[in-house]
Number of protein chains: 2
Amino acid sequence: MRGQHSATLDDVARAAGVSRATASRVITGQGPASARSRDRVAQAVAKLGYVPDAAARALASRSGTRLAIAVIGHTAAILDDPYVGRVLTTAAHIAAEREVGVSLHWVPLGASLATLAGSHNLGGLVVVNPTQPALHTVPKAMRGRTAAIGVGTKDVPSFDVDNGSGTDGVVRHLVNTGRRRIAMVTGPSWLPCVDRARDAYQQIMRDSGRETRVVSGDFTAARGAAAAKEIMTRWPDTDAVFALSDLTALGVLDGLHAQGIRIPADVAVAGFDDIAFACLSRPALTTSTHPVEEIAAAAARAVLDRGDTGQTTFFPSTLVVRESA
Amino acid sequence: MRGQHSATLDDVARAAGVSRATASRVITGQGPASARSRDRVAQAVAKLGYVPDAAARALASRSGTRLAIAVIGHTAAILDDPYVGRVLTTAAHIAAEREVGVSLHWVPLGASLATLAGSHNLGGLVVVNPTQPALHTVPKAMRGRTAAIGVGTKDVPSFDVDNGSGTDGVVRHLVNTGRRRIAMVTGPSWLPCVDRARDAYQQIMRDSGRETRVVSGDFTAARGAAAAKEIMTRWPDTDAVFALSDLTALGVLDGLHAQGIRIPADVAVAGFDDIAFACLSRPALTTSTHPVEEIAAAAARAVLDRGDTGQTTFFPSTLVVRESA
DNA sequence: CTCACACATGGAAGCGCTTCCATGGCAATA
DNA sequence: TATTGCCATGGAAGCGCTTCCATGTGTGAG
């Protein structure tokens with residue numbers, strides 16, 4: 001500790017022969033400074049290997065420079081899902097372009113975001129899979145710099161995949177290819193997007209005079225395998241299964257396979273998300289795209305660039321027909 | 001929540017009728033405080049919805065409370081790989097237990113870690129896939145709170161999968177099941193773990209009088225597909241392919257498949273990592289485990305709990321035999 | 001040659017918090 | 001009752017930085 005203190009702005013100012021105020025101006029690029037001062041400060045910075053202290057900076061300027069990603073209501077199973085990782089890596093890239101850092105926070109379902117968002121060193125907040133109540137716990141001061149991936153509020157713009165029409169596309173494809181008894185495996189019931197998708201499914205089924213067969217899921221592969229068994233037990237004549245997550249669909253594939261059911265000959269299987277592995281499975285998975293990177297980038301940009309507030313932007317999901325359906 | 005500014009410690013102290021010092025002691029739990037003070041402060045905190053400012057706290061206490069994860073030399077392809085996501089989510093959990101946040105930072109190969117690590121608001125640093133030079137750019141003040149996932153230095157403890165013996169296990173399995181002409185698809189050449197694995201492979205091949213067939217890879221599925229073609233073109237009689245990454249192995253599976261090659265009848269395929277999808281592919285992938293969560297947890301704990309420095313801990317990798325080999 | 005005006009500059013006041021230190025009160029001891 | 005010691009307490013000094021403001025210094029105009 002002693003002696004090895006890293007250089008402070010004072011050290012730089014002293015070495016450059018200017019005041020701390022001038023050094024600060026030069027380094028932040030805000031305010032006037034003569035060419036001479038600029039040079040000397042730049043040299044001092046280089047010589048001392050000066051690195052501004054983010055904490056002090058955030059405190060003094062009252063405007064933090066970090067993008068926080070809060071993931072609501074996660075479960076351990078999320079570890080297997082590339083989803084959060086994709087959101088995060090994308091956000092990190094967008095943030096890096098603007099020289100801001102990114103941080104990840106798990107927020108239990110029902111917990112407040114105040115602790116997280118009440119910090120001076122936050123530049124923005126992206127809430128993944130929020131609930132409306134959760135969004136209301138965001139302090140006013142942070143409202144203008146918050147975006148949601150999922151549902152939003154009138155203050156918080158949101159970005160999400162249009163899985164209503166995505167589901168529509170998938171189910172219609174199933175119908176058009178002659179499937180008659182189509183079951184659906186949903187996701188966590190507290191997610192609004194799950195409702196949208198289920199509604200779309202039920203709509204089509206009813207419109208075409210078909211029976212609806214819904215089993216609830218949790219986006220995991222394990223649940224998919226279990227759901228496959230459940231479905232074939234309750235409705236043995238099922239000839240298609242649509243899962244609202246590719247991971248789950250892959251699990252369904254596995255569960256069906258274990259029962260000796262041929263895909264797609266006996267039962268068609270379709271997923272949602274078009275994850276990287278969808279084209280690697282045997283049979284390759286028919287699914288609908290989920291432009292996670294685009295969505296995450298839009299959300300990150302919205303908070304970093306102070307975009308409009310309280311709008312919901314839906315990103316289109318397009319059908320990808322492969323072998324499983 | 002009322003007014004523009006959120007409550008400060010001063011507001012709490014005033015509301016509780018104590019000094020700021022006392023309020024601070026109560027809130028941090030450090031130092032003495034009478035039951036009466038504790039009560040009044042707790043009430044004031046609840047009433048005002050007080051949330052400590054992380055920046056100010058880090059600045060004043062000179063000890064940040066955030067775990068930074070720096071990923072070295074990433075490429076966009078890493079987006080498809082659950083690896084970083086798994087490290088991150090695990091670290092986030094460990095960190096959350098200690099009420100510290102986590103941040104993610106991309107660091108280009110060859111860049112310095114000084115900017116990142118020179119901040120007062122950092123509680124610890126975990127460097128993923130570091131190079132030795134990169135580790136040397138970590139400021140001394142941060143050395144004791146830094147860990148590496150991959151190679152370490154004498155100051156920085158490191159945690160990694162023992163892919164030397166893991167590779168050993170896989171290749172031996174290939175040999176024992178009658179494969180004679182075994183090719184290997186490696187990973188990025190700048191990663192030390194790639195060297196260890198390749199060495200292990202070459203050792204066995206030489207020891208058993210076999211020819212080595214090495215193709216370099218980058219851990220992506222796309223490269224795996226390309227490598228499959230390359231291998232079968234250069235060495236048409238190859239009867240087994242070992243890829244140092246499941247993602248790549250999945251790509252190999254795909255590439256081989258496209259050439260009408262049967263797996264494992266014609267060519268056996270084995271991967272490394274045992275990712276969630278390994279058991280979902282057709283045929284299910286034979287591989288060797290990579291306990292990413294354990295490794296990440298150990299690294300996170302090492303920096304958060306100030307563990308020993310400069311040690312390398314290898315985590316065992318065990319063979320998982322499925323259908324592809 | 002003077003006046004005004006712009007601009008670069010340094011002093012100083014914080015940002016919200018922790019922590020050292022001196023003080024005062026109180027119970028236990030003599 | 002006088003003394004010791006401990007503990008709760010508040011005052012005050014920063015942590016490293018930004019930024020307001022008053023002060024010089026040089027320029028162009030009058």
Side-chain angles (χ1 to χ4, degrees), chain A residues 1-2 5-41 44-45 48-66 115 117-123 139 141, chain B residues 3-41 44-45 48-66 115 117-123 139 141:
Chain A
M1 219 46 168
R2 65 155 61 158
H5 255 81
S6 49
T8 72
L9 187 57
D10 261 320
D11 299 329
V12 172
R14 208 170 303 123
V18 299
S19 73
R20 188 167 63 226
T22 300
S24 175
R25 272 181 227 114
V26 170
I27 289 168
T28 60
Q30 308 287 332
S34 66
R36 182 174 157 284
S37 299
R38 264 195 293 273
D39 273 2
R40 306 194 57 152
V41 170
V45 166
L48 298 173
Y50 170 73
V51 174
D53 184 296
R57 205 171 240 203
L59 184 55
S61 66
R62 290 163 210 64
S63 73
T65 167
R66 213 179 69 231
T115 313
S119 175
H120 259 167
N121 58 124
L122 263 201
Chain B
Q4 285 281 27
H5 284 299
S6 45
T8 71
L9 186 58
D10 261 319
D11 300 327
V12 171
R14 208 170 303 125
V18 299
S19 73
R20 189 167 64 225
T22 301
S24 175
R25 273 182 225 113
V26 171
I27 289 168
T28 60
Q30 307 288 332
S34 66
R36 181 175 157 286
S37 299
R38 262 195 294 273
D39 273 1
R40 306 195 58 153
V41 170
V45 165
L48 299 174
Y50 170 73
V51 174
D53 184 296
R57 205 171 241 203
L59 184 55
S61 65
R62 289 165 212 62
S63 71
T65 167
R66 211 178 72 230
T115 313
S119 176
H120 258 166
N121 58 120
L122 263 200

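Letters go in sequence order (proteins before strands), and every chain restarts at 1. Keep in mind that the numbers below use all heavy atoms, side chains included, and drop hydrogens, waters and symmetry copies.
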### Query
Are the side chains of Arg57(A) and Ile27(A) in touch, meaning some heavy atoms are under 4.5 Å apart?
yes
### Task
Starting from P on dA8(D), measure out to CZ on Arg40(B) and report it in whole angstrom.
17 Å
#### Entry: Residue-phosphate contact under 4.0 Å: Arg57(B) side-chain N/O, dT18(C) OP1/OP2
yes
### Query
Within this structure, what is the CG-to-C1' distance between Leu59(A) and dA13(C), rounded to whole angstrom?
13 Å
### Query
Can you tell me how far P of dT18(C) sits from OH of Tyr50(B), to the nearest Å?
6 Å
### Query
At what distance, to the nearest 0.5 angstrom, does CG of Asp10(B) lie from OG of Ser24(B)?
11.0 Å
### Task
Write down the distance between CG (Asp53(B)) and P (dC15(C)), rounded to a whole number of angstrom.
12 Å
### Query
Are any non-hydrogen side-chain atoms of Val51(A) and Ser6(A) less than 4.5 angstrom apart?
no
### Query
When rounded to the nearest 0.5 angstrom, what distance separates OG in Ser63(A) from CG in Leu59(A)?
11.0 Å
### Query
Between the main-chain N or O of Thr8(B) and the side-chain N or O of Asp11(B), is there a donor-acceptor pair closer than 3.5 Å?
yes
### Message
Can you measure Leu122(A) atom CG to dC15(C) atom C1' for me and round it to whole angstrom units?
### Response
16 Å
### Message
I want to check one thing: is the phosphate of dG10(C), taken as OP1 and OP2, less than 4.0 Å away from some side-chain N or O of Ser19(A)?
### Response
yes
### 5' precedence on DNA chain C between Ala21(B) and Ala55(B) (nearest-nucleotide basis)
Ala55(B)
### Query
Starting at CZ of Arg62(B) and ending at P of dC17(C), how long is that distance when rounded to a whole Å?
16 Å
### Qualifying residue for side-chain contact (heavy atoms from CB on, under 4.5 Å) with Val18(A), from Val12(A), Val26(A), Val41(A)
Val41(A)
### Query
Which one, dA13(D), dT19(D), dG16(D), comes nearest to the side chain of Arg20(B)?
dA13(D)
### Message
Please check: side-chain N/O of Arg38(A) versus main-chain N/O of Ala33(A), any donor-acceptor pairing under 3.5 Å?
### Response
yes
### Task
Scan residues 22-38 of chain B against DNA chain C and write down, sorted by residue number, each residue with any heavy atom closer than 4.0 Å; if none is found, say none.
Ser24(B), Arg25(B), Thr28(B)
### Message
Can you measure Leu48(A) atom CG to dG16(D) atom P for me and round it to whole angstrom units?
### Response
14 Å
### Task
Take atom CG of Asp10(A) and atom P of dT18(D), then tell me their distance rounded to the nearest Å.
12 Å
